[in-house]
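The shown structure was predicted, so the numbers you read here are calculated from the model rather than taken from an experiment. Positions are given from 1, in the same order as the sequence printed here.
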Amino acid sequence: MSVAPAPPATPADQAYEVEILDDPGGPSVVVLDRHGATVVRRPCRDGAEARSLASTVRQHLYWLSESAFRAYYRA
């Protein structure tokens, strides 16, 4: 299952996007940089956990500055 990323507040300022991937061992939430490279990957127990985590990360992308987001997620 792949969920489309939430639209950024201002596309030019958005450095990251969030996706949910179906991996063989279960879903994972990934944070991708502007170039599509994975900077954070977190496996989840199930789809509900993945959707909840992805929603939280998207909110952090919206609320936090890029530097605060990088520090929090070590991205």
Taking salt bridge (Lys or Arg N to Asp or Glu O under 4.0 Å) as the test, write out the residues that go with Asp23, two or more places apart.
-> Arg41

Output yes when a side-chain donor or acceptor of Thr56 lies under 3.5 Å from a complementary backbone atom of Ser52, and no otherwise.
-> yes

Distance-only donor-acceptor hits, side chain of residues 67-74, under 3.5 Å, sequence neighbours excluded:
{"unit_1": "Ser67", "atom_1": "OG", "unit_2": "Ser65", "atom_2": "OG", "d": "3.3"}
{"unit_1": "Arg70", "atom_1": "NH1", "unit_2": "Glu66", "atom_2": "OE2", "d": "3.2"}
{"unit_1": "Tyr73", "atom_1": "OH", "unit_2": "His60", "atom_2": "ND1", "d": "2.6"}

Sequence-distant partners of Ala37, side-chain contact (heavy atoms from CB on, under 4.5 Å), two or more places apart | Asp33

Would you mind reporting whether Ile20 and Ser28 have side-chain heavy atoms less than 4.5 Å apart?
-> no

pair Val18-Leu61: side-chain heavy atoms closer than 4.5 Å = yes

Where do Pro27 and Ala50 come nearest, in terms of heavy atoms and distance?
-> CB-CB, 4.0 Å

I would like to know whether Glu19 and Arg58 meet salt bridge (Lys or Arg N to Asp or Glu O under 4.0 Å); could you show each step before the answer?
-> CA-CA 10 Å; Glu19 292 185 5; Arg58 288 183 184 117; over 6 Å; no

